[in-house]
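Step one of this worksheet: look at the structure below.
When a residue number appears, it is its place in the shown sequence, counting from 1. Just so it is clear, the values below take in all heavy atoms, side chains as well, and ignore hydrogens, waters and symmetry mates.
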Amino acid sequence: MDEARGLDQSGTLERGLAVLEHVGQHQELSTNAIARQLGLSRSATYRIVGTLKQLEYLEADSATGRVRLGTRLVELGARAMAATDLHRCASRYLSALAERSGETTYLAVPDNDAMVYVATERSSNAVTLASRLGTRRPQHTTSLGKAWLAALPEPDRVARVRRMRLDSLTLKTISDPARLLDDLARTHRRGWAVDDIENEPDIGCVAAAVRDHSGRPIAAISIAGPAPRVLRRVEELGPTVAGTAAALSLRLGYVRSR
């Protein structure tokens, strides 16, 4: 309670940042829930949330009214990513992978139970896809997310899956925890994941995790395109994306122990 009272009495900037961090941790919240959980007055919270919405740091769901992080933060996040080794290094790997596969390639990073798309490249033959930079997709529905989850130590992977909300986005989404863990175990063994029309209708993807110098999975890269075109080539594209992810990981300092 003392911490909550301290926040309520702190400056507007501190309270605004606290609201942004809290929404980022919980993905979507009502304004009343933000006030209650942070120990802020309702009037102050509505004022702060209103200002952040106006500045596009927050946006409201049209159906529920709950707020989530907005496009302005996505833009700032993308700029921050541009300054990191991962983002600087990834572009040429994604470009080469796009040309080799003839499809669209993506780089995504984890954020809570989602993957956020932070870079993309298209080949001259690629079909335009819906996912843009800043797009968030659930980890359990995407090859990007499943590749990242599969690269975690098994106890962490199991714990995450058991607490995740496994909503179905298509008829083929894996929404059963046991089935998802089996799929992730297969992904871990072979080194690449498959999205078999599990995230978007008619779209297929393969992906592999990218590791930093410590071996920790920090991102994933994917090849995505029309399902009939991509899924009939999974035995070719899977090892291809895994090889590219391994090369990028090596560039970031990861050396796999034998």
Side-chain angles (χ1 to χ4, degrees), residues 86 90 93-94 97 100-101 103-118 131 135-200 203-212 214-225 227 229-250 252 254 256-258:
L86 170 65
Y93 290 91
L94 291 178
L97 185 61
R100 182 174 177 182
S101 65
E103 304 292 352
T104 300
T105 58
Y106 289 102
L107 171 73
V109 295
D111 181 27
N112 293 319
D113 293 340
M115 298 299 286
V116 181
Y117 293 68
V118 295
S131 297
T135 296
R136 297 170 57 87
R137 291 287 185 263
Q139 288 173 348
H140 72 284
T141 69
T142 59
S143 63
L144 288 159
K146 292 195 292 182
W148 182 80
L149 287 168
L152 293 172
E154 186 175 6
D156 295 345
R157 182 196 317 158
V158 172
R160 288 185 67 90
V161 168
R162 287 179 175 169
R163 67 159 179 75
M164 288 171 68
R165 179 173 168 176
L166 304 180
D167 292 332
S168 293
L169 299 187
T170 74
L171 293 176
K172 301 194 76 173
T173 299
I174 302 175
S175 56
D176 176 70
R179 284 188 57 215
L180 179 59
L181 287 171
D182 285 345
D183 185 83
L184 295 177
R186 287 192 297 274
T187 295
H188 179 77
R189 288 193 296 270
R190 71 188 172 204
W192 44 272
V194 179
D195 164 8
D196 183 8
I197 322 178
E198 297 162 49
N199 184 63
E200 295 181 66
I203 300 299
C205 312
V206 292
V210 176
R211 299 177 184 269
D212 66 9
S214 70
R216 178 174 60 97
I218 57 171
I221 57 175
S222 70
I223 300 170
R229 206 159 78 182
V230 170
L231 296 179
R232 71 167 176 257
R233 299 173 62 200
V234 291
E235 296 302 323
E236 167 204 349
L237 296 180
T240 298
V241 75
T244 301
L248 177 54
S249 298
L250 180 63
L252 295 173
Y254 172 61
R256 184 175 181 177
S257 59
R258 296 185 181 275

Quiz prompt | side-chain contact (heavy atoms from CB on, under 4.5 Å) assessment of L86 paired with L107 | solution = CA-CA 10 Å; L86 170 65; L107 171 73; 4.2 Å; yes

Exercise. Please report the C-alpha distance between V210 and Y93 in whole Å, then the side-chain angles of each, then the deciding distance to 0.1 Å, and finally whether the side-chain contact (heavy atoms from CB on, under 4.5 Å) criterion is met.
Key: CA-CA 12 Å; V210 176; Y93 290 91; over 6 Å; no

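- To the nearest 0.5 Å, atoms CG (L180) and OG1 (T187) are separated by 9.0 Å.
- Salt-bridge formation is detected for the pair D183/R186: a Lys NZ or Arg NE/NH1/NH2 atom is positioned less than 4.0 Å from an Asp or Glu carboxylate oxygen.
- The CG atom of D195 lies 9.5 Å from the CD1 atom of I174; values are rounded to the nearest 0.5 Å.
- With rounding to the nearest 0.5 Å, the separation of CD1 in I197 from OG1 in T141 is 13.5 Å.
- Looking at W148, its side chain never comes within 3.5 Å of a backbone N or O of V109 through a donor-acceptor pair.
- S249 and R211 get closest at one heavy-atom pair: OG-N, 2.9 Å.
- With sequence neighbours excluded, the residues forming a side chain to side chain contact (heavy atoms under 4.5 Å, CB included) with A207 are S143, L144, A147, S222, listed by chain and number.
- I221 approaches V241 most closely through the heavy-atom pair O-CG2, 3.5 Å.
- Under the 3.5 Å distance criterion, the side-chain polar atoms of E200 are left unmatched by any main-chain donor or acceptor of T170.
- Test L166, N199, V161 against H140 for side chain to side chain contact (heavy atoms under 4.5 Å, CB included) and you get one pass: L166.
- For the pair Y106/T135, no side-chain contact is recorded, criterion being any heavy-atom separation below 4.5 Å from C-beta on.
- Of the possible donor and acceptor atoms, one in the side chain of R157 sits under 3.5 Å from a partner among the backbone N and O of A150.
- When every heavy atom of G145 is checked against every heavy atom of M115, the shortest pair comes out as CA-CG, 3.5 Å.
- A distance of 10.0 Å separates OG in S168 from CG in D176, rounded to the nearest 0.5 Å.
- Under the rule for a side chain to side chain contact (heavy atoms under 4.5 Å, CB included), the partners of R216 that lie at least two apart in sequence or sit in another chain are D212, S214, I218.
- For R233, the CZ atom is densely surrounded, since the number of other residues' heavy atoms within 6.0 Å is greater than 12.
- Other residues, nucleotides and ligands place more than 12 heavy atoms under 6.0 Å from the CZ atom of R190.
- Interatomic distance, CG of N112 versus CZ of R136, reported as 6.5 Å (0.5 Å rounding).
- One distance of note links CG of L149 with CG of L184; it measures 5.5 Å at 0.5 Å rounding.
- Taking R163 as the reference, D113, R160 meet the side chain to side chain contact (heavy atoms under 4.5 Å, CB included) condition, with sequence neighbours excluded.
- In this structure, E198 and T173 approach most closely via the heavy-atom pair O-OG1, 2.6 Å.
- Inter-residue side-chain proximity for L169 and P138 is flagged as met; some heavy-atom pair is nearer than 4.5 Å.
- In terms of heavy-atom proximity, A242 sits nearest to G191 at CB-O, 3.8 Å.
- Q139 contributes a side-chain N or O that, together with a main-chain N or O of A114, makes up a donor-acceptor pair within less than 3.5 Å.
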